[in-house]
Amino acid sequence: MSSDDEPLIDASTSDTNEIDPAEFGCLGDGVLCNPLRRPHRFMVLFLICFLSFGSYYCYDNPAALAPQFKSDLDLEGKDFMLLYSLYSWPNVFLCFLGGYLIDKVFGIRLGAFLFGLVITIGQIIFAAGAYMNNRYVMYAGRFVFGLGGENLAVAGNTYVVSWFGGKEINTVFGIQLSFSRIGSTVGMVTLLPFYKAIASNFGENKAHLMGALLFFGAGLCILSLLASVVLALLDIRASKILRKEASGTGESIKLSDITRFSAATWLIFAICVTYYVAIFPFISLGKLFFEQKFGLTQDEAGICNSLVYFIGAGASPIAGLLIDRYGRNVMWLLSAILITLGAYALLAFTFLHPYVAMVMMAIAYSMCASALWPMVSLVVPEYQLGTAYGMMQSIQNLGLALVSIAAGTIAEKYGYFLLTLQFMAWLALSAVFILILWVWDASNGGYLNASPAKRKEMNQDEIRSVLEGEEYREPLISDGSVLDVSQTFRASTARELRNKYMGRIEGGKQQDFTRSAEFHRSLADQSINLGQSYQFSSNANRGLLK
């Protein structure tokens, strides 16, 4: 493994005695300023987490103040949901470009700053539009905000894999994800109290009041922008001390790979979009729904609407641990869909307190995300993962852009009962796709729904046939040349991929494990044990999170 492929700091292999703290301005034993020491690295982790805090806080500002957007700014229904749709549209295309821009154009340090700057400018334009009560300026601000949102997440992930290595990287990604969800939750539960606290200062001019609240969100984005500056300085300093270069995402995205995706890959994409379009648009409109149907106060509705994010921050790592231990991703996925359907049934057909349904939805959301995103790495070779995840994110954002507008129109013209039925229809379609995937998987060896022990056994059987007699078939890239097999290894664990994307087989009569990313990692380990010249690459760790 080349030094360029290694994490910037790996506590499991680094020797803290190689650096003289005094040489770099450290006092005492240099516990806070030595980049090889744990306190310094976790100070960096706090900055990485805060890098996206402002964007997550601001993303759901409209949902947190939905009644006020309706009463103060005359935005409701499809006009209100356009605020979310315009965020998603640029990410239909930018999901393919984020890793490339960080790797080839800006670099991680400048890239994180520029994407943070774009988000800040977008939120400022959005706030200015609210202040002027001009919806078109607000729409422009949300579009600009969307240009930086997903790419800033990629930059944060790249910093994580640069600073942390070994077993601790899973925990670090879990902390980063939880902190992001906390940002969403804080925005959901604090904006209305802020609104009430300062309302008397603005009299009848509610547009100025809304603008002031949104400018506060822009202030948090500026703090996140400052975090990117401090991160860049610390990263430059650590690179000089450790003689390391700035890392990139390592994503290899080729549109030609799309034509080579298996049926299972496309089914996973379909499950992803049909599930998430039933979650995020509902959260955007949920506060008004809870007030109108269940008679909750605005404060109570805000808390209820934030439960998916709040519980998800803690439940997602637990769900991930359970799925890592027991496997059977397809079963977990189907269970999550059915639980979400049950939650919507309670919301649509009963008057049971909505907290019950939202807790169910939060648990199911965590189960689905934990089971869904790592499945891509089980059916797609390593060299296609960048394209696969980019396509998955693009399809998801396309679905969110379209369904958000449709959801706003249905809520405005036909009411929230039909809206919940629409979301249930999407979930039913998602369940159909899962059942098709289950049948496909069962007819191709059952790898996706196997336990970890069974997957290991299946990999070892295939490895044995490759190493003991069959000639290894190296995959071809789009230009027809043979791909370096080191590019096809899967260095990221399922939990890493899950935490990074969570606020991302070749088909035939038999499953071809020699071409799956999961298989290559097992083959590499087995080859090393047998003295084979099979090189290992860790490029998969670069830049793979929602």
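Here the structure is a predicted model, which means the values were calculated and not measured.
- Taking a 6.0 Å sphere around NZ of Lys454, one finds it holds 12 or fewer heavy atoms contributed by other residues, nucleotides or ligands.
- Checked options Asp60, Thr185, Thr190; the residue passing with Ser306 is Thr185 (criterion: side-chain contact (heavy atoms from CB on, under 4.5 Å)).
- Checked against Leu429 for a side-chain contact (heavy atoms from CB on, under 4.5 Å), the options Thr274, Val277, Val273 give a single hit: Thr274.
- A heavy-atom distance below 4.5 Å is not found between the side chains of Phe310 and Ile303.
- The shortest heavy-atom contact between Pro62 and Tyr59 is CD-O, 3.6 Å.
- Here the CG-CG distance, from Leu338 to Leu334, works out to 4.5 Å after rounding to the nearest 0.5 Å.
- In this structure a side-chain-to-backbone donor-acceptor pair under 3.5 Å is missing from Asn329 to Ile323.
- At least one side-chain heavy atom of Tyr275 sits less than 4.5 Å from a side-chain heavy atom of Ile337.
- Proximity of Phe290 to Glu300: side-chain heavy atoms (C-beta onward) are nowhere separated by under 4.5 Å.
- Between Phe349 and Phe417, the ring planes lie perpendicular to each other; the angle is over 60°, past the 30° to 60° tilted range.
- Taking CG from Asn61 and CZ from Phe145, the interatomic distance works out to 7.5 Å, rounded to the nearest 0.5 Å.
- Annotation: the span from Ser262 atom OG to Trp440 atom CH2 amounts to 5.0 Å, rounded to 0.5 Å.
- Between Ser430 and Trp426, the side chains place no donor N or O within less than 3.5 Å of an acceptor N or O (distance only, hydrogens not considered).
- With hydrogens and angles ignored, the 3.5 Å screen pairs a side-chain donor or acceptor of Arg142 with a backbone N or O of Leu83.
- At least one side-chain heavy atom of Met375 sits under 4.5 Å from a side-chain heavy atom of Val330.
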Q) Can Tyr87 and Leu400 be said to form a side chain to side chain contact (heavy atoms under 4.5 Å, CB included), step by step? A) CA-CA 9 Å; Tyr87 174 91; Leu400 289 172; over 6 Å; no
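- The number of heavy-atom neighbours closer than 6.0 Å to CZ of Phe53, taken from other residues, nucleotides and ligands shown, is above 12.
- Checking side-chain atoms of Asn397 against main-chain N and O of Gln393 turns up a donor-acceptor pair under 3.5 Å.
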Q. Would Met391 and Thr265 count as a side chain to side chain contact (heavy atoms under 4.5 Å, CB included) if you check the C-alpha gap in whole Å, the side-chain angles of each, and the deciding distance to 0.1 Å?
A. CA-CA 10 Å; Met391 175 59 69; Thr265 307; over 6 Å; no
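- A donor-acceptor contact closer than 3.5 angstrom is absent between the side chains of Ser88 and Ser85.
- Between Phe289 and Tyr416, the two ring planes are tilted [angle within 30° to 60°].
- The shortest non-hydrogen separation linking Ala401 to Trp89 is CB-CE2, 3.5 Å.
- Ile339 places none of its side-chain heavy atoms less than 4.5 Å from the side chain of Ile363.
- Taking the six-membered ring for Trp and the full ring otherwise, Tyr84 and Phe280 have centroids separated by 6.0 Å or more.
- The shortest distance between side-chain heavy atoms of Leu372 and Met392 falls below 4.5 Å.
- With rounding to the nearest 0.5 angstrom, the CZ atom of Phe115 is 15.5 Å from the OG atom of Ser224.
- Once rounded to the nearest 0.5 Å, the distance linking CG of Leu231 with CG of Leu45 reads 10.0 Å.
- When all heavy atoms are compared, the tightest approach of Gly148 to Val118 is N-CG1, 3.8 Å.
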**Q.** Chi angles and distances behind the side chain to side chain contact (heavy atoms under 4.5 Å, CB included) call for Val189, Tyr309
**A.** CA-CA 11 Å; Val189 301; Tyr309 292 148; over 6 Å; no
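- Put simply, the side chain of Lys287 never gets that close to the backbone of Ala63: no donor and acceptor are under 3.5 Å apart.
- A distance of 5.0 Å separates CG in Leu307 from CD1 in Ile311, rounded to the nearest 0.5 Å.
- A 4.5 Å side-chain heavy-atom check between Ser284 and Ser404 finds every atom pair outside the cut-off.
- Here the closest non-hydrogen pair linking Tyr159 and Ala112 is CE1-CB, 3.9 Å.
- No donor-acceptor pair closer than 3.5 Å links the side chain of Arg325 to the backbone N or O of Pro452.
- Leu322 has its side chain within reach of Trp332: a pair of non-hydrogen atoms, C-beta onward, lies under 4.5 Å apart.
- In terms of modelled atom types and a separation under 3.5 Å, the side chain of Arg328 and the main chain of Asn449 share a donor-acceptor contact.
- Gln123 places no side-chain N or O within 3.5 Å of a backbone atom of Gly141 that could act as its donor or acceptor partner.
- Taking the six-membered ring for Trp and thresholds of 30 and 60 degrees, Tyr355 and His353 have ring planes more than 60 degrees apart, a perpendicular arrangement.
- The minimum heavy-atom distance linking Leu296 with Cys304 is given by the pair CD1-CB, 4.3 Å.
- Leu347 approaches Phe294 most closely through the heavy-atom pair O-CZ, 3.9 Å.
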